[in-house]
Protein chains: 2
Amino acid sequence: MARRTKDESAQTRETILDAAEIEMQARGVSQTSLNRIAQRAQVTRGAIYWHFADKRALLEAMVARTHLPLRDLRECLSQHIPGNEPLWLLREVMRHGLERLGNDPRHRRVCHIVMHRCEVTDEGHPADALMRAMFEDAREVILSLCSEIDQLDLLHPPLSARDASDMVMAFVAGHYECVLRHPETHRADRDWAPLVDAALRGLITEAAARRLAREPAAKPRELEPADH
Amino acid sequence: MARRTKDESAQTRETILDAAEIEMQARGVSQTSLNRIAQRAQVTRGAIYWHFADKRALLEAMVARTHLPLRDLRECLSQHIPGNEPLWLLREVMRHGLERLGNDPRHRRVCHIVMHRCEVTDEGHPADALMRAMFEDAREVILSLCSEIDQLDLLHPPLSARDASDMVMAFVAGHYECVLRHPETHRADRDWAPLVDAALRGLITEAAARRLAREPAAKPRELEPADH
DNA sequence: AAGTATACATACATTCGCGTATGTATGTTC
DNA sequence: GAACATACATACGCGAATGTATGTATACTT
């Protein structure tokens with residue numbers, strides 16, 4: 001068989017990406033041959049080389065398919081925070097970032113691959129560049145929120161906005177690490193709210209913490225995962 | 001040349017491990033051929049196969065060379081905590097775990113390799129088993145400390161000992177992640193004390209937090225990195 | 001209805017790294 | 001000092017994965 005219709009071709013492309021996700025999650029990127037991916041996708045390597053230049057491009061497409069810039073998340077969430085207060089916004093961003101681990105299996109798989117199933121080299125792996133882009137994107141949003149919080153004098157001394165940002169980044173990254181690498185002991189579908197509150201509580205003044213505890217944030221509507 | 005003396009042989013072994021550390025950190029485990037390691041160590045692959053069964057065994061030896069069980073760290077630190085109070089002990093464990101990133105370059109390199117330069121497969125990479133062992137070892141110590149803290153009624157409601165343990169693990173893992181993966185923005189030689197205090201502050205009651213703030217823990221003597 | 005571009009499948013050449021088998025010179029033992 | 005074990009170096013065979021070149025049937029264009 002050959003020359004399917006355009007829709008079917010696009011479908012083939014998705015099938016290949018799905019197969020790559022599953023195989024790479026199980027065996028690691030470098031241990032997953034294009035042949036294995038082709039077999040799972042019920043095609044030959046020829047099809048893969050038709051749609052993607054090489055394994056690197058395949059990986060990039062895989063990540064791009066699920067990548068939701070945090071900037072957009074902030075935009076979206078900010079519409080649901082009364083008064084747009086940065087502390088409440090930050091709480092929602094953190095909570096949503098962690099809940100996505102349990103809600104969005106594709107995000108979870110891709111993060112798993114990019115974080116643990118893929119070697120980083122000094123010349124820069126394809127996925128590494130994307131990791132860094134995502135990290136920088138998140139850091140920019142979080143640092144700006146922390147700066148706003150700092151300007152409201154809500155940070156617990158002697159913490160700076162930069163310190164708070166580092167803490168939040170490490171908090172999220174650490175829980176991603178635990179959940180993805182040790183799923184048997186760390187479940188993703190837990191209630192993250194108490195942990196987010198505990199993390200924030202350490203960063204802000206006692207007064208701010210008490211206000212935060214009194215006002216459990218309004219739950220925003222569910223966000224649809226980025227389809228692109 | 002052949003048949004060096006026993007000391008020289010041991011020296012060769014160390015040289016190979018050093019070379020493996022450097023190469024694997026730069027290129028990733030699977031992208032580092034034994035040939036490259038041999039070249040850097042000024043030997044041939046024959047020498048490597050004499051000292052190690054295969055690449056897996058080489059990696060294991062590399063990790064074993066720097067692995068310091070957290071259990072031992074706790075033992076060691078507990079001698080310097082007056083009254084052996086679990087909250088202060090936990091603070092020292094966290095602080096020391098992070099400071100080791102800046103102090104012990106070998107530990108830092110090996111952690112970098114095991115966390116980011118090495119693919120995890122489902123059947124279990126050699127380094128993965130060691131990662132899990134280290135993680136479990138740390139979790140056991142930290143969870144037991146959190147349980148003690150919980151029994152003293154120092155945990156902020158509604159947190160359980162398990163919650164607190166998860167938070168501490170994520171805190172440390174997250175900062176390891178940030179420092180190792182993004183060294184240009186996250187330095188390891190910073191002062192970790194304020195961040196450790198902030199993390200703990202969110203986990204414990206306000207009263208306990210105030211007591212902790214009043215008593216900056218006695219700095220224990222430096223620990224020598226695990227040799228052998 | 002014919003021609004062309006598309007969407008693959010098939011076949012081939014090349015490279016590369018691993019493991020092992022074997023060679024060899026030197027320390028060590030008796 | 002002869003025999004043996006050690007600590008490597010050298011050489012070989014192998015499989016596996018990659019990239020490319022080519023074949024081919026079908027959709028789309030005119």
Side-chain angles (χ1 to χ4, degrees), chain A residues 1-20 22-62 113 117-119 121 123 125-127, chain B residues 1-20 22-62 113 117-119 121 123 125-127:
Chain A
M1 66 201 66
R3 187 66 223 272
R4 330 285 301 268
T5 173
K6 233 181 179 187
D7 287 353
E8 286 172 322
S9 166
Q11 174 61 38
T12 302
R13 191 188 132 101
E14 294 298 303
T15 307
I16 291 172
L17 290 176
D18 289 341
I22 295 175
E23 288 293 328
M24 286 180 173
Q25 186 183 6
R27 303 192 159 60
V29 172
S30 80
Q31 295 304 315
T32 300
S33 68
L34 297 182
N35 206 17
R36 287 201 71 98
I37 298 174
Q39 281 183 15
R40 174 171 292 270
Q42 311 254 44
V43 295
T44 63
R45 273 171 53 242
I48 297 181
Y49 275 102
W50 171 255
H51 285 283
F52 310 97
D54 52 10
K55 199 199 267 188
R56 182 192 191 93
L58 174 63
L59 227 186
E60 283 177 8
M62 222 186 67
I113 291 172
R117 255 65 172 171
C118 143
E119 291 180 2
T121 71
E123 315 93 71
H125 204 286
Chain B
M1 67 202 65
R3 188 65 223 271
R4 333 284 302 269
T5 171
K6 232 179 179 187
D7 287 353
E8 287 172 321
S9 166
Q11 175 60 39
T12 301
R13 191 187 132 102
E14 294 298 304
T15 306
I16 292 172
L17 290 176
D18 290 341
I22 295 175
E23 289 292 329
M24 287 180 173
Q25 186 183 5
R27 296 174 210 298
V29 172
S30 79
Q31 295 304 317
T32 300
S33 67
L34 296 182
N35 206 16
R36 288 201 72 98
I37 298 174
Q39 280 183 16
R40 174 172 290 271
Q42 313 255 44
V43 295
T44 63
R45 275 171 52 243
I48 297 181
Y49 275 102
W50 171 255
H51 285 283
F52 310 97
D54 52 11
K55 199 200 268 187
R56 181 194 193 91
L58 174 62
L59 228 185
E60 283 177 9
M62 226 186 65
I113 292 172
R117 256 65 172 168
C118 145
E119 292 181 3
T121 71
E123 316 92 68
H125 203 286

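Residue numbers begin at 1 in each chain, while the letters A, B, ... track the order of the sequences.
Comparing atom distances between the A/Thr44 side chain and each of D/dC28, D/dT18, C/dT10 picks out C/dT10 as nearest. Comparing D/dT18, C/dG19, D/dC8 by their closest approach to the side chain of A/Lys55 singles out D/dT18.
Per the geometry, CZ belonging to A/Arg36 stands 12 Å off P belonging to D/dT18, to the nearest Å. B/Lys6 has its NZ atom 16 Å from the C1' atom of C/dT26, to the nearest Å. Note: CD (A/Gln31) to C1' (C/dG17) measures 12 Å, nearest angstrom. Residue A/Tyr49 contributes atom OH, which lies 5 Å from atom C1' of D/dG19 at whole-angstrom precision. Between A/Leu34 atom CG and D/dG19 atom P the separation is 7 Å, expressed in whole Å. Taking atom CD1 on B/Ile16 and atom P on D/dA7, their separation rounds to 12 Å, with Å as the unit. What separates CG of A/Leu58 from C1' of D/dT18 is a distance of 14 Å, to the nearest Å. Residue B/Asn35 contributes atom CG, which lies 13 Å from atom C1' of D/dA11 at whole-angstrom precision.
Within the 4.0 Å cut-off from OP1 or OP2 of D/dT6, not a single side-chain nitrogen or oxygen of B/Ser9 is found. For the pair B/Thr12 and D/dC8, the criterion of a side-chain N or O lying under 4.0 Å from OP1 or OP2 is met. B/Trp50 has no side-chain polar atom (N or O) that falls below the 4.0 Å cut-off from OP1 or OP2 of D/dC8. Checking the phosphate oxygens (OP1, OP2) of C/dC8, a side-chain nitrogen or oxygen of A/His51 falls inside 4.0 Å.
Formation of a donor-acceptor pair under 3.5 Å by the B/Arg117 side chain with backbone atoms of B/Gln25 is found in this model. When atom types are taken as modelled, the side chain of A/Ser9 and the backbone of A/Thr5 share no donor-acceptor pair closer than 3.5 angstrom. Between the side chain of B/Glu23 and the main chain of B/Arg40, no donor-acceptor pair closer than 3.5 Å is present.
Residue A/Gln42 is the one, among A/Gln42 and B/Ser30, whose nearest nucleotide of DNA chain C lies closer to the 5' end (criterion: closest heavy atom).
A donor-acceptor contact under 3.5 angstrom links the side-chain atoms of B/Arg45 to the base of C/dG19.
Between A/Met24 and A/Ile37, the closest side-chain pair of non-hydrogen atoms falls below 4.5 Å. The shortest distance between side-chain heavy atoms of B/Ile16 and B/Trp50 does not fall below 4.5 Å.
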